[in-house]
Amino acid sequence: GIGVNPVGVVLEPSMLGVEIGFPPDMEPWALHNRAVVESESDLAGLAMPDFYTSGAMPSVHRMYGQARELMQALDGDRWSVGFPAAIRGVLGLAQAMRGPHENILMDMLERPAFAHRMFGHVTDFHCAYMAERARFLGEPLGLGHIGNDEVTTPFVSPRLYSDFVLPYEQRISEYHGGLSCWHSCGTTTALLPAIRSISNIKQFYTGPWTDLDAVMAQFGDTPLYIAVNTVDDVMAATPEQMEAKIRHVMSVCGGAPLIIR
């Protein structure tokens, strides 16, 4: 099939009011120089984004319609066109709405009740988006996906993750009846016991800096998606070093079903 997502990881922030930059020679970026929400009253006054009109969604619907027409004209039985799902983690969305990256971290430390309301808002948004997407496509809700590169140590500590992020990721998993994948490219070794408590994770994504032995201790019964270091293990590696890396991954992971990326 063919998937359509014209704005990549900035679609959801754009719907939540975050300003998006569109450079001419690269993918769009969420601009974190201005906070969408500064105070409790700002948050209380926000309406839930509209599935059709908020942020970049008019472009998404236009491109989705055009792609479907093109595929039908070419070979309608062979191709299907995917529609973007909500995949951003709650920390990333709250962070984008709060402006510069450190703001949401300071909220967790200094304004915990406000931080929880921020995470609750973006979780409500995820659920509303996915419910409307299912209605629009005439499909079941399906499993969720959490893309969570912002969840990495030392950017977020195990305590902050467990207290502020984990409850909302658990809510998303329960809403969907499970996650097709929990993903972070970052270092999640110290967070693994907490992540393991999320119900029904079908696949665990392991970033190149996360300890594989620790992953196996927590997720050895789960299909693994293991990322190697693009520079150290591929671009700057000899064929022998590449082979050694693959053998190391397979040795540590034993018989676990896995993909090496």
Side-chain angles (χ1 to χ4, degrees), residues 1-3 5 8-9 78-80 82-92 126 130 133-134 137 139-153 156 158 161-162 165-166 168-261:
I2 180 172
N5 190 340
V9 296
R78 181 180 179 188
W79 295 97
S80 62
F83 194 94
I87 63 170
R88 292 293 302 274
V90 295
L91 178 58
H126 171 99
M130 292 302 288
R133 177 183 182 272
L137 297 174
E139 297 177 357
L141 183 65
L143 295 173
H145 174 100
I146 294 180
N148 238 351
D149 287 351
E150 296 83 6
V151 174
T152 179
T153 56
V156 61
Y161 174 76
S162 294
V165 180
L166 178 61
Y168 302 96
E169 295 188 343
Q170 177 67 31
R171 182 180 152 197
I172 288 173
S173 182
E174 292 172 352
Y175 178 74
H176 284 277
L179 300 176
S180 61
C181 185
W182 191 101
H183 171 114
S184 174
C185 288
T187 304
T188 59
T189 304
L191 309 176
L192 291 172
I195 299 168
R196 174 75 272 189
S197 70
I198 299 173
S199 59
N200 203 15
I201 297 176
K202 300 295 187 182
Q203 183 184 63
F204 182 75
Y205 186 101
T206 303
W209 300 278
T210 296
D211 182 79
L212 287 180
D213 289 302
V215 170
M216 284 300 295
Q218 297 292 336
F219 288 95
D221 59 346
T222 304
L224 303 176
Y225 199 141
I226 296 174
V228 298
N229 188 301
T230 306
V231 176
D232 294 347
D233 298 325
V234 183
M235 296 177 67
T238 66
E240 292 76 18
Q241 289 170 324
M242 295 182 200
E243 179 179 343
K245 178 67 177 185
I246 294 173
R247 290 189 181 280
H248 171 71
V249 170
M250 296 178 68
S251 173
V252 173
C253 295
L258 58 88
I259 297 170
I260 298 177
R261 175 180 178 181

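Index from 1, following the sequence.
- Distance CH2/W182 to CG/L191: 6.5 Å, rounded to 0.5 Å.
- Closest approach of A86 to M130, counting heavy atoms only: N-SD, 3.2 Å.
- Shown here for R133 and P84, the closest heavy-atom pair between the two residues is NE-O, 3.2 Å.
- Between H145 and H126, the ring center distance fails the sub-6.0 Å criterion.
- A donor atom on one side chain and an acceptor atom on the other are not found under 3.5 Å apart for Q203 and S180.
- Residue A227 comes nearest to Y205 through the heavy atom pair CB-OH, 3.2 Å, listed as atom of the first residue, atom of the second, then distance.
- With contacts defined as side-chain heavy-atom distances shorter than 4.5 Å, the pair Q241/D233 does not qualify.
- The minimum heavy-atom distance between N229 and P208, with the atom names listed, is N-CB, 3.7 Å.
- The main-chain N or O of I198 is never found under 3.5 Å from a side-chain atom of S173 such that the two would form a donor-acceptor pair.
- Between F219 and F204, the ring planes are parallel. Angles under 30° get that label, and only those over 60° would be called perpendicular.
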Start with the C-alpha gap between I172 and L179, add the side-chain angles, then the distance that decides, and say whether side chain to side chain contact (heavy atoms under 4.5 Å, CB included) holds. CA-CA 8 Å; I172 288 173; L179 300 176; 4.3 Å; yes
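- The CG atom of L212 sits 10.5 Å away from atom OG of S251, with the distance rounded to the nearest 0.5 Å.
- Remark: side-chain polar atoms of R261 are not paired, donor with acceptor, to backbone N or O of I226 under 3.5 angstrom.
- When all heavy atoms are compared, the tightest approach of N200 to G177 is ND2-O, 2.6 Å.
- One side chain, Y161 or E169, offers a donor N or O that lies under 3.5 Å from an acceptor on the other.
- In the displayed structure, M242 atom CE is contacted under 6.0 Å by more than 12 heavy atoms of other residues, nucleotides or ligands.
- Side-chain contact check for V90 versus N148: every heavy-atom pair is 4.5 Å or farther apart.
- For the residue pair T210 / T188, a side-chain donor-acceptor distance below 3.5 Å is found, with atom types taken as modelled.
- No donor-acceptor pair under 3.5 Å is formed between the side chain of Q218 and the backbone N or O of V215.
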As a quick check of understanding, evaluate side chain to side chain contact (heavy atoms under 4.5 Å, CB included) for V228 and I260, giving each step before the final call. CA-CA 7 Å; V228 298; I260 298 177; 3.9 Å; yes
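- Side-chain contact between E243 and R247: present, with at least one pair of heavy atoms (C-beta onward) separated by less than 4.5 Å.
- No side-chain donor-acceptor contact under 3.5 Å links H183 to the backbone of I146.
- Closest approach of V156 and T153 over heavy atoms only: O-CG2, 3.4 Å.
- Of the possible polar contacts, none joining the T206 side chain to the L224 backbone as a donor-acceptor pair under 3.5 Å is found.
- A side-chain donor-acceptor contact under 3.5 Å links T189 to the backbone of D211.
- For the atom pair H176 NE2 and S199 OG, the distance stands at 11.5 Å (nearest 0.5 Å).
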Any chance you could lay out the salt bridge (Lys or Arg N to Asp or Glu O under 4.0 Å) test for R88 and D149, step after step, and finish with the verdict? CA-CA 9 Å; R88 292 293 302 274; D149 287 351; over 6 Å; no
Criterion side chain to side chain contact (heavy atoms under 4.5 Å, CB included) on C181 and K202, from CA distance to verdict: CA-CA 6 Å; C181 185; K202 300 295 187 182; over 6 Å; no
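- Using a distance-only test at 3.5 Å, with no hydrogens or angles considered, a donor-acceptor pair links the side chain of S184 to the main chain of V151.
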